[in-house]
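This report refers to the structure that appears directly beneath it.
This is a predicted model, so every value here is computed, not measured.
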Amino acid sequence: MKLQRPKGTVDILPGESEKWQFVETTMRRVFATYRFSEIRTPLFEHYEVISRSVGDTTDIVTKEMYDFYDKGDRHVTLRPEGTAPVVRSYVENKKFAPEVQKPFKVYYTGSMFRYERPQAGRLREFHQIGVENFGSKNPATDVETIAMAKAFFDQVGVKNIKLVINSLGDSETRERYREALIGYLEQHLDSLSDDSKRRLHENPLRVLDSKDKQDIAIVKDAPSILDFLTDASQQHLTDVKAMLESLNIAYTIDQNMVRGLDYYNDTIFEFMTEIKGKELTICGGGRYDSLVSYFGGPETPGFGFGIGVDRLLLVLEEQGASLPAAQPLDVYVVVLGASANVAALKLVQSLRDQGYAVERDVLNRKIKQQFKSAEEFGAKVIITLGESEVETGEIVVKNNATRAEVKTTLSEIQSQFDTVFTEVAADA
């Protein structure tokens, strides 16, 4: 058997990992300005944490979960999404307690797992950024969290993003709409896909989310959930729209958008962009006011979103965004001969202790090959260290681009390199 990575997974190698770090660093910086803090939950959860909250009839549970029985015969699953584990943690750790500051705002990033047909931007192990905001029913929370997602996309460099919103209303809205939707879909029963026929009475809103071409044509003329909103849900949607407009955030309404999870109510949204003439969703989320109580906690409103990092990076590269490569190298130390080995070790460590990114030759290569490595690393300055430099303690620091030189001593640069580095690098 050839040993290789499992289907639907990727190795994130040097040269690529820097792009991921850029996205994650930007995420942390932006989210911190909105006072979100990081939370980390286990990669696997009890099966019921996901199945009961996400919905027993969703594709995630019925087709995509990596679930199994462990050696203690416990039914567990690799997490397929981030919200349910965070809500479980919120309740289990009693973050609803009066002494905990509200709203309770967290973000996370990490691997999620779904058994899907692998394709570009859609993997079996995928990586997600998510945020969850507990404790506020104010529509301003919806808009503020949406604005945070937009600020993140602006700062990482996504172009042509489009915000789409909808309302799923409250439980009364859903019940009234459910009856009307079933009545409409039953008129087209023979033309529905097998999946939609199965969902029709289990969870008819899932039919609106179908990717089958015939289903899409049918639901185009389905009744709109917006016509069934209660007064409270209608007011919430009106306020969200007004607040988005007050921030000059453009949006469109898609009355057939339902998202892929059962726990949403009222505001749901997606950010989309276009790649090669095709619209791609790069962020989705919404309000979930019943999920905390479903996990045994008190009635607590919630709002959040998820961003697929794999797809986001695909979009950024397709749009020609400026993404960082490997960290630029400050200093490359050319080492000539075994007699300079220990001195080179002490030199590079002293420079690293001063905060510089440093590399040296450890392969006893010829000087020409070492200079080539310095070029490939993009080193700003080069220090050559051989037997004579070790004996005299005199060192030449050279600008790799201009070849300008500064003469100094080993002891000086080991104790205080800033002055020399600034002088040499300034000649670039």
Side-chain angles (χ1 to χ4, degrees), residues 1 3-12 37-97 100 104-118 122-134 195 198-199 202-203 206 209 259-265 284-286 288-300 302-310:
M1 175 183 175
L3 296 179
Q4 56 189 18
R5 67 178 186 269
K7 185 176 182 181
T9 65
V10 296
D11 296 316
I12 302 169
S37 301
E38 186 174 12
I39 186 172
R40 304 188 186 196
T41 63
L43 284 175
F44 62 95
E45 295 276 353
H46 289 294
Y47 176 84
E48 291 76 16
V49 168
I50 307 298
S51 66
R52 292 174 58 193
S53 58
V54 172
D56 289 326
T57 62
T58 61
D59 281 351
I60 292 175
V61 173
T62 60
K63 298 179 180 180
E64 299 170 358
M65 288 223 296
Y66 277 94
D67 62 293
F68 54 93
Y69 288 87
D70 68 11
K71 293 181 179 180
D73 204 33
R74 290 171 288 258
H75 197 181
V76 296
T77 179
L78 300 181
R79 63 186 185 190
E81 61 98 38
T83 298
V86 172
V87 175
R88 189 268 310 148
S89 177
Y90 176 83
V91 173
E92 184 174 345
N93 292 286
K94 295 182 171 56
K95 291 303 180 181
F96 51 78
V100 178
F104 182 75
K105 302 193 290 188
V106 294
Y107 71 87
Y108 53 87
T109 182
S111 296
M112 310 290 165
F113 304 86
R114 297 184 191 178
Y115 190 82
E116 300 189 273
R117 183 171 63 84
R122 187 182 293 273
L123 300 169
R124 290 177 176 174
E125 180 192 19
F126 61 100
H127 303 80
Q128 192 174 75
I129 289 169
V131 308
E132 314 297 346
N133 190 335
F134 299 101
D195 271 349
R198 174 178 56 82
R199 291 168 172 160
E202 290 179 348
N203 193 339
R206 293 270 66 76
D209 202 36
R259 303 290 301 143
L261 306 169
D262 281 356
Y263 48 63
Y264 288 121
N265 64 277
Y288 48 88
D289 292 341
S290 300
L291 199 50
V292 171
S293 59
Y294 191 76
F295 275 80
E299 288 288 339
T300 305
F303 194 93
F305 64 73
I307 298 170
V309 183
D310 312 79

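Between Glu125 and Ser111, the side chains place a donor N or O and an acceptor N or O closer than 3.5 Å (distance only, hydrogens not considered).
Nearest approach of Gly8 to Leu123, heavy atoms of both residues: O-CB, 3.2 Å. The nearest pair of heavy atoms linking Asn265 to Ser290 is OD1-N, 4.4 Å. Here the closest heavy-atom approach between residue Phe113 and residue Phe126 is recorded as N-CE2, 3.9 Å. The heavy-atom pair separating Arg114 from Glu81 by the smallest distance is NH2-CB, 3.8 Å. The heavy-atom pair separating Glu116 from Arg124 by the smallest distance is O-NE, 2.7 Å.
Using a 30° and 60° split on the angle between ring planes, Tyr288 and Phe134 fall in the perpendicular class, above 60°. Ring pair Phe104/Tyr90 is tilted by interplanar angle, where 30° to 60° counts as tilted.
The backbone N or O of Phe303 sits nowhere less than 3.5 Å from a side-chain atom of Asn133 that would complete a donor-acceptor pair. Proximity of a side-chain donor or acceptor of Asp289 to a complementary backbone N or O of Gly302 within less than 3.5 Å is detected.
The neighbour count for Tyr115 OH, taken as heavy atoms of other residues, nucleotides or ligands under 6.0 Å away, does not exceed 12. The local environment of CZ in Phe295 is crowded, with over 12 non-hydrogen atoms from other residues, nucleotides or ligands closer than 6.0 Å.
Remark: Phe305 CZ to Thr83 OG1 distance equals 10.5 Å, nearest 0.5 Å. For the atom pair CZ (Arg117) and CD (Glu64), the distance works out to 12.0 Å, reported to the nearest 0.5 Å. Note: Leu43 CG to Arg79 CZ = 4.5 Å, rounded to the nearest 0.5 Å. Taken to the nearest 0.5 Å, the CD1 atom of Ile39 stands 8.5 Å off from the NZ atom of Lys95. Note that NE2 of His75 and CG of Asp67 are 3.5 Å apart. Values are rounded to the nearest 0.5 Å.
Here the rule is salt bridge (charged side-chain N to carboxylate O under 4.0 Å, His left out) with Arg88, and of Glu45, Glu132, Glu48 only Glu45 fits it.
Considering only heavy atoms from C-beta on, Phe68 comes within 4.5 Å of Val76 through its side chain. Put simply, the side chain of Thr41 does not reach to within 4.5 Å of the side chain of Tyr108, judged on heavy atoms. Side-chain contact between Pro298 and Val91: absent, with no pair of heavy atoms (C-beta onward) separated by less than 4.5 Å.
Residues satisfying the ring-ring contact (aromatic ring centres under 6.0 Å, His included) test with Tyr294, not counting sequence neighbours, are none.
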